[in-house]
Amino acid sequence: MAKVRIPTVKGTRDFYPEDMALRRWLYDHMRAVAEAFGYQEYDGPFLEPLALYAAKSGEELVKEQAFVFPDRSGELITLRPELTPSLARMVAQRQKQLVLPLRWWSFGPFWRYERPQRGRGREFFQWNVDLVGAATPETDAELAAVGATFFRRVGLQPQQVRILVNNRRLMDTQLAALGIPAEQRKAVFRLIDRKEKMQPAAWEAYAADIGLSPAQIQGLYALFERHDLWQTSDELRRFFAAAEALGVADYLRYEPTVIRGLDYYTGTVFEARDHAGRFRAILGGGRYDNLVAAVGGEPVPGVGFAMGDMVITLVLEAYGLRPDLPLSPAQALVTVFDADHWLDSLRLAQRLRAAGLRVVVYPQPARLGKQFKYAHRLGIPVVLVRGPDEVAADRVTLKHMGTGEQVQVPTEQAADRVRQWALD
RNA sequence: GUGGCCGUAGCUCAAUGGCAGAGCACCUGACUGUGGAUCAGGUGGUUGGGGGUUCAAAUCCCCUCGGCCACCCCA
């Protein structure tokens with residue numbers, strides 16, 4: 001075995017061609033969906049000053065879960081753990097010249113210094129979609145619709161993946177009605193956020209610990225059963241009406257226990273989960289109305305979500321939806337019959353490329369069986385042979401690797417035949 | 001960062017203190033102009049790495065690296 005003397009950095013992944021093909025596949029679908037809704041692609045730097053994150057995000061996200069290091073001048077540099085602060089700065093910097101509301105999307109790498117686990121690494125790719133400069137529930141619904149449309153596009157059904165929706169202002173009102181004072185509500189949000197992952201007894205102990213009375217705890221339990229609670233919120237009524245109009249209502253469901261961890265969400269929040277609950281959140285997002293102001297701009301409302309590449313990949317695998325992608329981009333392999341016909345093969349390949357085809361030539365003369373096997377293993381759909389018989393008659397033999405069908409045609413017809421077979 | 005489980009051939013896994021193995025994969029041949037199927041043969045290992053105990057360590061102990069699980073947090 002070849003000894004790997006220098007391993008990958010903990011929590012990072014090598015992207016071999018088959019892995020890269022899947023990443024590219026995800027990217028292509030993200031792009032198609034985002035552009036269908038008119039979103040523009042953008043990106044920020046991968047390196048940011050630590051100060052960008054100081055006033056925002058979750059405190060913990062930066063203090064304990066970011067890669068931070070000094071550069072040669074001593075400035076503290078951060079490998080970006082999320083994109084929203086960069087987005088906020090970019091908007092604030094050009095606030096006066098940007099056309100608002102803006103719809104932007106991005107797909108790129110992010111880093112978090114965490115303990116790796118299934119669906120969670122230290123280096124991952126994330127799809128970010130944001131709409132900045134509008135504050136309507138209808139735009140909240142549009143963001144959820146972008147996520148739902150992605151799920152539909154990659155074959156995930158509403159029975160398999162659902163976007164769970166809640167609203168922090170609604171929950172704020174409900175908590176107030178339970179007599180929970182404003183200064184306690186942030187802690188209670190965290191409590192609600194952890195409801196699903198704790199045993200009832202432990203959860204109640206935690207609730208009592210942050211100062212809730214038994215009556216208030218019972219009140220929370222009652223809230224969690226109120227799946228019709230959204231009807232008391234004008235924002236959510238408009239949200240679900242818009243989702244219906246956008247054709248994604250079947251992917252959405254009101255869920256009173258969804259609250260999201262990040263502190264900067266102010267209104268509607270949502271996260272996508274697989275139906276079986278086997279994986280962590282597939283995407284998460286919501287409305288943030290104060291973010292741009294935090295980096296020095298005029299307050300501008302926004303709504304957005306992020307989806308990581310690792311969990312969505314696991315979910316696609318779980319439902320048998322991970323695509324079989326071709327290993328090689330080549331549509332045809334030209335064999336090299338022997339040393340005397342080597343250049344004939346090169347000429348044939350060039351002729352096919354000039355006709356717009358993607359063609360690989362076997363690198364040297366070898367047994368034809370070996371060359372066919374090479375094409376088979378790379379998933380190249382058509383194999384061409386130009387040996388003594390073919391050269392004498394100015395013809396080419398082609399074999400369709402999927403069906404086993406084989407024909408010999410005049411050389412000038414070879415390109416059309418490859419094109420026809422490569423589509424199957 | 002805390003606690004737990006686990007690292008053996010490219011992959012999935014055996015061997016529980018006594019000669020490191022199997023299946024699949026890969027290579028070669030049967031088949032000198034044809035992949036997948038079958039048969040035969042073959043390559044491949046410092047048992048993640050380092051140290052210790054022992055006549056003897058994949059096996060027991062310590063350290064370390066990595067993966068997984070639960071916290072924490074979150075994509």
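A note on names: the letters A, B, ... follow the listed sequences, proteins ahead of strands, and every chain is numbered from 1.
Of the candidate nucleotides rC71(B), rC73(B), rG35(B), rG35(B) has the atom nearest to the side chain of Lys373(A). Nearest to the side-chain atoms of Val385(A) among the listed nucleotides rG1(B), rC26(B), rG33(B) stands rG33(B). Set against rC69(B), rG36(B), rU34(B), the side chain of Arg118(A) has rC69(B) as its closest nucleotide. Here the side chain of Met401(A) is nearest to one of rG35(B), rG3(B), rG33(B), namely rG35(B). Comparing rG29(B), rG33(B), rC69(B) against the side chain of Arg367(A) picks out rG29(B) as the nearest. Closest to the side chain of Arg112(A), out of rC74(B), rA70(B), rG33(B), is rC74(B). For Gln406(A), taking side-chain heavy atoms from C-beta onward, the closest of the listed nucleotides rC69(B), rU34(B), rG66(B) is rU34(B). Residue Glu114(A) places its side chain closer to rC73(B) than to any other of rG35(B), rC73(B), rG33(B). Nearest to the side-chain atoms of Pro388(A) among the listed nucleotides rG67(B), rG33(B), rC71(B) stands rG33(B).
Look at Lys399(A) and you won't find any side-chain N or O under 4.0 angstrom from OP1 or OP2 of rU34(B). An OP1 or OP2 oxygen of rC27(B) is reached within less than 4.0 angstrom by a side-chain nitrogen or oxygen of Arg377(A). The side chain of Arg190(A) places an N or O atom within less than 4.0 Å of a non-bridging phosphate oxygen (OP1 or OP2) of rC73(B).
In this structure, Tyr264(A) places its OH atom 13 Å from C1' of rC73(B), rounding to the nearest Å. In this structure, Arg115(A) places its CZ atom 8 Å from C1' of rG3(B), rounding to the nearest Å. Spacing between atom CD of Gln65(A) and atom C1' of rC71(B) amounts to 12 Å, rounded to whole angstrom units. The separation between Glu405(A) atom CD and rG36(B) atom P is 20 Å, rounded to whole Å. If you measure from atom CD of Glu18(A) to atom P of rC11(B), you get 13 Å, rounded to the nearest angstrom. The NE2 atom of His376(A) sits 11 Å away from the P atom of rA25(B) (whole-angstrom rounding). Across the protein-nucleic acid pair, Arg13(A) atom CZ and rG67(B) atom P stand 12 Å apart, rounded to whole Å. Summarising the geometry, the separation between NE2 on His400(A) and C1' on rG36(B) is reported as 15 Å, rounded to the nearest angstrom.
A salt bridge links Asp172(A) with Arg185(A): at least one charged nitrogen is closer than 4.0 Å to a carboxylate oxygen. In this structure, Arg419(A) pairs ionically with Asp416(A), as a charged nitrogen and a carboxylate oxygen lie closer than 4.0 Å. Ion pair Arg80(A)/Asp43(A) flagged as a salt bridge, since at least one NZ, NE, NH1 or NH2 atom sits closer than 4.0 Å to an Asp/Glu carboxylate oxygen.
Inspection of the Ser328(A) and Arg358(A) side chains reveals no N or O donor paired with an N or O acceptor under 3.5 Å.
Nucleotides rA58(B) and rU46(B), compared at atom P, are 13 Å apart to the nearest Å. Nucleotides rC60(B) and rG17(B) place their C1' atoms 8 Å apart, quoted to the nearest Å. Nucleotides rG29(B) and rG66(B) place their C1' atoms 41 Å apart, quoted to the nearest Å. Atom name P, nucleotides rG36(B) and rU43(B): the rounded distance is 22 Å, in whole Å. Taking atom C1' on both rU53(B) and rC68(B), the two are 30 Å apart, rounded to the nearest angstrom. Separation of the C1' atoms belonging to rC6(B) and rU12(B) is 15 Å when rounded to the nearest angstrom. Nucleotides rU8(B) and rG48(B) place their C1' atoms 10 Å apart, quoted to the nearest Å. Between rC39(B) and rG52(B), the two P atoms lie 49 Å apart (nearest whole Å).
Evaluation of atom-type donor-acceptor distances gives no pair under 3.5 Å for the side chain of Arg386(A) against the base of rG33(B). In the interface, the side chain of Lys370(A) is not paired with the base of rG35(B) through any donor and acceptor atom under 3.5 Å apart. Gln371(A) contributes no side-chain N or O that forms a donor-acceptor pair with the base of rU34(B) under 3.5 Å.
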**Prompt:** Going through the checks in order, is the side-chain contact (heavy atoms from CB on, under 4.5 Å) test met by Phe305(A) and Ile163(A)?
**Reply:** CA-CA 12 Å; Phe305(A) 71 84; Ile163(A) 299 177; over 6 Å; no
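Closest-nucleotide positions on RNA chain B for Leu368(A) and Phe124(A) were compared, and the one nearer the 5' end corresponds to Leu368(A).
Asp389(A) comes within contact range of at least one nucleobase, with a heavy-atom separation under 4.0 Å. At a threshold of 4.0 angstrom between heavy atoms, the contacts of Ala281(A) are confined to the sugar-phosphate backbone, with no base atom among them.
The side-chain hydrogen bond (donor to acceptor under 3.5 Å, both in side chains) with Arg287(A) is formed by just one residue from the set Thr266(A), Thr268(A), Thr139(A), Asn167(A); it is Thr139(A).
In this structure, CD on Glu255(A) lies 9.0 Å from CZ on Phe224(A), to the nearest 0.5 angstrom.
Using cut-offs of 30° and 60° for the angle between ring planes, the Phe150(A) and His29(A) rings count as perpendicular.
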